Engineer: 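Please read through the structure below; I'll follow up with questions.
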Amino acid sequence: MLSVKFIKENPEFVVERLAVKNFDAKELVDAVCAISNRKNEIQQEMDQHKAEMNSISKQIGQLFQQGKAEEANAAKAKTASLKEAIKELEKEFGEKDVELTDKLTQIPNIPHESVPSGKSEDDNEVVTTEGEMPQLCEGAIPHWDLATKYDIIDWELGNKITGAGFPVYKGKGSRLQRALINFFLDEARDAGYMEIMPPLVVNEASGFGTGQLPDKEGQMYHITEDNLYMIPTAEVPVTNIYRDVILDEANLPIKNTAYSACFRREAGSYGKDVRGLNRLHQFDKVEIVQVQHPEKSYETLDQMVAYVTTLVQKLGLPYRILRLCGGDLSFTSALTFDFEVYSAAQEKWLEVSSVSNFEAYQANRLKLRYRPTGEKKPVLAHTLNGSALALPRILAALLENNQTPEGIKVPEVLVPYCGFDMID
RNA sequence: GGAGAGAUGGCAGAGUGGUCGAAUGCGGUGGUCUUGAAAACCAUUGUACCGCGAGGUACCGGGGGUUCGAAUCCCUCUCUCUCCGCCA
């Protein structure tokens, strides 16, 4: 969330910038300022009364020790009204605090100045388009049919065991998944990221820290009996490693990577674009996460984009990079670049990565700070993350683009990882 | 699942109603000494909020209560550990 201080110092700026996200923040910003001001007034009065109370209590203690019980009891009488006043102020203070947090969590992150305005994904800005469009052979078919033809993914079995959106990978399909995971993790390690194997289920505090809760809880599978959530991305556990942490400036940037299965309910997204591997309830992904100095986070974002570029290039997939417009930008992000690969049989661009700078928005929720060298006061760090990469759509594009009458060719970089060069 | 123990500052670990934001040790930082280092010694060392400032307030797992006063007593929740059972 945004800091109260920033909102109070720049209310017009916040409203103006959030308009780019098509978000009318006027009322919320006004409310935050008003509630915060009232809260401060209450605190001043409350603290004053508490100071007096503390002082009287201390005196009473001394009087008792000196054996002056009568005077002590007289002093006690004075405390009743004070006590009552404090209680009331505390109550109102608590209410204002809840209200303030409620309003704050409803205000999205401010978009970076480079974010184009726009309503939907149609307004995203194409930054780069690279790679050769594949020439498909006669009778080319989409990946869901290829997967069945070569018996590497069993859709029906997934339906039987769990339900739609939980495919079963078999034989070379399963091995190719494993190869992709290892390939991505090794690449990330070579790029300086430390590998993490996180829990796949998180508590409420973690969900709040990265911004999934309270608003987007419908997106996650909720284990109500234990009040735990299945992760929609490794971003959640890996970023929450640094919840309530004060880092040394010298330790920045922190670079972590993690493979995880990801679980998404995708409620309300039935219909188009859900065939085959295009949208699943469970999928595999390797994520990269960085914690960086505020002054260096955009430089880091560029580096992360450059890194993801190398991955799609090595896989030989035609890709394009989009700068998300305000309307398509997520609630918590300040700037996001999406990667899409071209899936030739579907004749569709498929999103395989989303690389974002959250600036201090997540950090403020997480209380993730660093201490500038030689200084006393901790400062909020910046967090960034990106998919590197999400597997299903990569697999879809690989299957469709590399199909030949003899079978599906495996990209060279993956051959050492999976141990075969052809799915036939 | 059954029984028990516990949750205190970066860590370890005292503290069972009143100058306790909290002893002590370790660690960290600064300094003295030293050619340099180690050792020793001295000093310092949490976070947040309010206030122009002086300063004030809060925080000893979370929440509630008793009391003039709570780390300390009571209730409640959560979590951790140990033993037994079960089990990859």
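None of the values given here were measured: they were computed from a predicted structure. FYI, side chains are in, hydrogens and waters are out, and symmetry mates aren't considered; it's all heavy atoms of this structure. Chain identifiers are assigned alphabetically (A, B, ...) following the order of the sequence lines, protein sequences preceding nucleic acid strands; residue numbering begins at 1 within each chain.
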Engineer: Would you please say whether a donor-acceptor pair under 3.5 Å links the side chains of A/Thr383 and A/Gln362?
Structural biologist: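 There is such a pair between these side chains.
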
Engineer: Could you state the CG-P distance from A/Asp97 to B/A48, rounded to the nearest angstrom?
Structural biologist: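 Going from CG in A/Asp97 over to P in B/A48 covers 16 Å.
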
Engineer: Would you measure the distance from the P atom in B/G65 across to the matching atom in B/G2 and give it in whole Å?
Structural biologist: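 Straight-line distance between the two P atoms is 31 Å.
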
Engineer: Please determine, for the side chain of A/Arg369, which listed nucleotide (B/U19, B/U67, B/A48) has the closest atom?
Structural biologist: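 Out of B/U19, B/U67, B/A48, the nucleotide with an atom closest to A/Arg369's side chain is B/A48.
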
Engineer: Who is the Watson-Crick or G-U wobble partner of B/U24, with both distances under 3.5 Å?
Structural biologist: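 B/A12 - that is the nucleotide pairing with B/U24, both distances being under 3.5 Å.
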
Engineer: What nucleotide, of B/A48, B/G65, B/G56, holds the atom closest to the side chain of A/Gln43?
Structural biologist: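 Closest of the options to the side chain of A/Gln43: B/G56.
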
Engineer: Considering just the side-chain nitrogens and oxygens of A/Asn54, establish if one lies under 4.0 Å of OP1 or OP2 belonging to B/G69.
Structural biologist: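 Answer is no, no contact under 4.0 Å.
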
Engineer: Using the closest heavy atom to pick a nucleotide of RNA chain B for each, name whichever of A/Asp47 or A/Met53 lands nearer the 5' end.
Structural biologist: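 The 5'-side residue here is A/Asp47.
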
Engineer: Work out how far the C1' atom of B/U45 is from that of B/C83, and round it to whole angstrom.
Structural biologist: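 Here B/U45 and B/C83 have their C1' atoms 41 Å from each other.
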
Engineer: Quick one: do the A/Gln44 and A/Asn40 side chains pair a donor with an acceptor below 3.5 Å?
Structural biologist: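 Not at all, the side chains of A/Gln44 and A/Asn40 share no donor-acceptor pair under 3.5 Å.
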
Engineer: Of A/Phe93 and A/Ala75, whose nearest nucleotide on RNA chain B comes first from the 5' end?
Structural biologist: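 Its nearest nucleotide being more 5', the pick is A/Phe93.
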
Engineer: Go through B/G46, B/C68, B/C49 for me and flag the one nearest to the A/Lys376 side chain.
Structural biologist: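 Within the option list, the nearest is B/G46.
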
Engineer: What's the closest nucleotide to the A/Asn40 side chain, out of B/U57, B/U67, B/G51?
Structural biologist: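 Looking only at side-chain atoms, A/Asn40 lies closest to B/G51.
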
Engineer: Given B/U47, B/U57, B/G69, which nucleotide is nearest the side-chain atoms of A/Ser57?
Structural biologist: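 Ranking B/U47, B/U57, B/G69 by closest atom to the A/Ser57 side chain puts B/G69 first.
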
Engineer: Could you let me know what B/A5 is paired to, Watson-Crick or G-U wobble, both distances under 3.5 Å, or none if it's on its own?
Structural biologist: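 Base-paired to B/U80.
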
Engineer: Please report the distance separating the P of B/C74 from the corresponding atom of B/C26, rounded so that it comes out in whole Å.
Structural biologist: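 35 Å, rounded to whole Å.
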
Engineer: Considering only atom P, compute the distance from B/C75 to B/U66 and round it to an integer number of Å.
Structural biologist: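 Looking at atom P only, B/C75 and B/U66 are 15 Å apart.
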
Engineer: If you measure from the P atom in B/U24 to the same atom in B/A14, how many Å do you get, rounded?
Structural biologist: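 Between the two P atoms, the distance is 15 Å.
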
Engineer: Below the 4.0 Å mark, does B/G69 have OP1 or OP2 next to a side-chain nitrogen or oxygen of A/Lys83?
Structural biologist: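 Checking B/G69 against A/Lys83, a side-chain N or O does come within under 4.0 Å of OP1 or OP2.
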
Engineer: Looking at the side chain of A/Ile60, which of B/A48, B/C68, B/G56 is the nearest nucleotide?
Structural biologist: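 Nucleotide nearest to A/Ile60's side chain: B/C68.
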
Engineer: Write down the distance separating the P atoms in B/G10 and B/A23, rounded off to the nearest Å.
Structural biologist: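 Straight-line distance between the two P atoms is 13 Å.
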
Engineer: Does any nucleotide pair with B/G17 by Watson-Crick or G-U wobble geometry, both distances under 3.5 Å, and what is it?
Structural biologist: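 Looking at the geometry, B/G17 pairs with no nucleotide.
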
Engineer: How far, in whole Å, is B/G69 from B/A58 if one measures between their P atoms?
Structural biologist: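 Rounded to whole Å, the distance is 12 Å.
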
Engineer: With respect to the side chain of A/Arg371, which nucleotide from B/U57, B/G69, B/G46 is positioned closest?
Structural biologist: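 The listed nucleotide nearest to A/Arg371's side chain is B/G46.
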
Engineer: Let me know the distance between CD1 of A/Ile86 and P of B/C68, rounded to the nearest Å.
Structural biologist: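 After rounding, the reported distance stands at 13 Å.
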
Engineer: Please work out if A/Lys50 contacts a base, only the sugar-phosphate, or nothing of the nucleic acid, heavy-atom cut-off 4.0 Å.
Structural biologist: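 The residue A/Lys50 makes sugar-phosphate contact but no base contact.
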
Engineer: Looking at B/C49, which nucleotide sits across from it as a Watson-Crick or G-U wobble partner, both distances under 3.5 angstrom, or is there none?
Structural biologist: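 Matched B/C49 with B/G56 under the 3.5 Å cut-off.
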
Engineer: Tell me if the side-chain of A/Gln44 makes a donor-acceptor pair with the base of B/C50, cut-off 3.5 Å, by modelled atom types.
Structural biologist: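 When only heavy-atom distances are counted, A/Gln44 does not reach the base of B/C50 through any donor-acceptor pair under 3.5 Å.
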
Engineer: Could you verify whether a donor N or O on one side chain and an acceptor N or O on the other, from A/Glu359 and A/Tyr298, lie under 3.5 Å apart?
Structural biologist: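 Yes.
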
Engineer: Assess the side chains of A/Gln48 and A/Gln43: does a donor N or O sit below 3.5 Å from an acceptor N or O?
Structural biologist: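 Not at all, the side chains of A/Gln48 and A/Gln43 share no donor-acceptor pair under 3.5 Å.
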
Engineer: Between B/G46 and B/G51, how far is it from one P atom to the other, in whole Å?
Structural biologist: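 Per the computed distance, 23 Å lies between those P atoms.
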
Engineer: Are the ring centres of A/His382 and A/Tyr361 closer than 6.0 Å?
Structural biologist: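 Ring centres of A/Tyr361 and A/His382 not closer than 6.0 Å.
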
Engineer: So does A/Glu125 have more than 12 non-hydrogen atoms from other groups sitting under 6.0 Å from CD?
Structural biologist: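 Result for CD/A/Glu125: enclosed.
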
